[in-house]
Amino acid sequence: MKEKNIWKKVEPYLLTGIFVLTILIIVFLLKGIYPFGRNSLIWGDMHDQITAFYYHFYDCIKGDQSILVDFTTSGGINFLGIMAYYILSPFSFLVLLVKRTDIYLMVSVIIAFKILCCSFTCLYTIKKFYKKLPNLLSVILAIVYAFSGYSLIMYQITPWIDAMYMLPLIMIGLKKVLDLEHPTMYIIALTLSLIFSFYVTVMVIIFIFLASFIYLLVYKEE
């Protein structure tokens, strides 16, 4: 009986992971994207900025470059500021697992992992808020969130997706706060989101004020 309950909880996450990975693998195979080829998802600002910063980040950790200043860009820039804007996502450290020459290929894998993470955090939030929702519908909604127009367009600035997979967790924590429960999850989730992607998280904070006002006005009992 206990094993059935565990499987019932794990099943939607397995289904979500399988569906998301299948979609990503099909796209990567058809387009010859690493690790199934030598093509990359890099486009737009990812080509002009993000990938170059990953190279310098790699050189800071595995080489002898300064983590304070990047002398190879614009005659020298403050790299700590760049790190705070682009690099502090935990997924950024995946570039350290490959050769320096393959960093531009690893960027595609980073994007794939972030999209997968979006589906998991969305599913977790759905299961928290809508416990009676059928598993299949929950899985579909999580997949739709992961492959939303935002993630498919804005992935060119990789840290902007970090705020996307943190948002569902922030909403769980926010509801706890509004229901006068312990604020630990809200504080941790919002803090991590600010660290991973402070630019987009500022927009999330604006949304928090609006969502809180609506929740307290419409749903909170007197």
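Excluded from the calculations below are hydrogen atoms, water molecules and symmetry mates; all remaining heavy atoms, backbone and side chain alike, are included. The structure presented is a predicted model; accordingly, all values stated were derived computationally and were not measured.
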Seminar exercise, completed: Only one of L133, T125, L123 passes side-chain contact (heavy atoms from CB on, under 4.5 Å) with L141, and that residue is L133
Exercise. Hey, are the side chains of L190 and I205 touching, using non-hydrogen atoms and a 4.5 Å cut-off?
Worked result: yes
Exercise. Are any non-hydrogen side-chain atoms of Y150 and V200 less than 4.5 angstrom apart?
Worked result: yes
For this session: Kindly compute the distance separating CG (L96) from CE (M106), expressed to the nearest 0.5 Å.
Result: 9.5 Å
Exercise. Relative to each other, are the rings of Y85 and Y199 parallel, tilted or perpendicular (30° and 60° limits)?
Worked result: tilted
Problem set entry | Y124 atom OH: more than 12 heavy-atom contacts under 6.0 Å | no
Seminar exercise, completed: Interatomic distance, CG@L14 vs CD@E11, rounded to 0.5 Å, equals 8.0 Å
For this session: State, with a plain yes or no, whether a side-chain heavy atom of T121 is found less than 4.5 Å away from one of M166.
Result: no
For this session: Look only at the side chain of K176 and the backbone of Y186, and say whether a donor-acceptor pair between them is shorter than 3.5 Å.
Result: no
Exercise. After noting the C-alpha distance and the side-chain angles of L41 and V107, does the key distance pass the side chain to side chain contact (heavy atoms under 4.5 Å, CB included) rule?
Worked result: CA-CA 7 Å; L41 288 174; V107 172; over 6 Å; no
Problem set entry | Sub-6.0 Å ring centroid separation between F57 and F93 | yes
Seminar exercise, completed: Note: F28 and F36 closest approach over all heavy atoms is CB-CD1, 3.6 Å
Exercise. Are the side chain of T201 and the backbone N or O of S197 linked by a donor-acceptor pair below 3.5 Å?
Worked result: yes
Problem set entry | Transitive ILVMFWY side-chain link Y155 to L30, under 4.5 Å | no
Exercise. Under a single-linkage definition using a 4.5 Å side-chain heavy-atom cutoff for Ile, Leu, Val, Met, Phe, Trp and Tyr, are M164 and M203 assigned to the same hydrophobic cluster?
Worked result: no
Exercise. After noting the C-alpha distance and the side-chain angles of V98 and V109, does the key distance pass the side chain to side chain contact (heavy atoms under 4.5 Å, CB included) rule?
Worked result: CA-CA 11 Å; V98 298; V109 177; over 6 Å; no
Exercise. Would Y34 and N39 satisfy side chain to side chain contact (heavy atoms under 4.5 Å, CB included), going step by step from the backbone distance to the final call?
Worked result: CA-CA 6 Å; Y34 181 84; N39 292 328; over 6 Å; no
Exercise. Is it true that L217 and L174 fall in one hydrophobic cluster, defined by side-chain heavy atoms closer than 4.5 Å?
Worked result: yes
Exercise. Between C118 and A146, what is the shortest heavy-atom contact and its length?
Worked result: CB-CA, 4.1 Å
Problem set entry | Distance, nearest 0.5 Å, that separates CZ of F129 from CE of M171 | 6.5 Å
Exercise. Considering residues, nucleotides and ligands other than F113, do more than 12 of their heavy atoms fall under 6.0 Å from its CZ?
Worked result: no
For this session: Check I50 against Q156 and note the closest heavy-atom contact, atom names and distance.
Result: CG1-O, 3.6 Å
For this session: Go through the steps for L152 and F147 under the test side chain to side chain contact (heavy atoms under 4.5 Å, CB included), then give the verdict.
Result: CA-CA 6 Å; L152 296 180; F147 290 102; 4.2 Å; yes
Exercise. With under 30° as parallel and over 60° as perpendicular, where do the rings of F196 and Y165 fit, or are they tilted in between?
Worked result: tilted
Exercise. Donor-acceptor pair, T16 side chain versus P12 backbone, under 3.5 Å?
Worked result: yes
Exercise. Hey, are the side chains of Y55 and V95 touching, using non-hydrogen atoms and a 4.5 Å cut-off?
Worked result: no
For this session: Please examine the side chains of F79 and L68, heavy atoms only from C-beta on, and report whether any two atoms are closer than 4.5 Å.
Result: no
Exercise. Tell me, do F19 and S119 make a side-chain contact under 4.5 Å, heavy atoms counted?
Worked result: no
Exercise. Can you list every pair that meets side chain to side chain donor-acceptor pair (under 3.5 Å) and has a residue in residues 132-149, with sequence neighbours left out?
Worked result: K127-N135
Exercise. Same cluster for L169 and I206 if Ile/Leu/Val/Met/Phe/Trp/Tyr side chains link at under 4.5 Å?
Worked result: no
Exercise. Where is the tightest heavy-atom contact between A142 and I126, given as atom of each residue plus distance?
Worked result: N-CD1, 4.2 Å
Exercise. Roughly how far apart are I103 CD1 and S40 OG, rounded to 0.5 Å?
Worked result: 12.0 Å
For this session: Treat each ILVMFWY residue as a node, draw an edge where side-chain heavy atoms are under 4.5 Å apart, and state whether I115 and I18 are in one component.
Result: no
Exercise. Quick one: does Y54's side chain get under 4.5 Å of M46's, heavy atoms only?
Worked result: no
Problem set entry | For I208 against S212, the heavy-atom pair lying closest together | O-OG, 2.7 Å
Exercise. Crowded around K31 NZ? As in, over 12 foreign heavy atoms under 6.0 Å?
Worked result: no
Exercise. How about S89 and P159: do any of their side-chain heavy atoms sit closer than 4.5 Å?
Worked result: no
For this session: Look at the aromatic rings of Y13 and F120 and report parallel, tilted or perpendicular, splitting at 30° and 60°.
Result: tilted
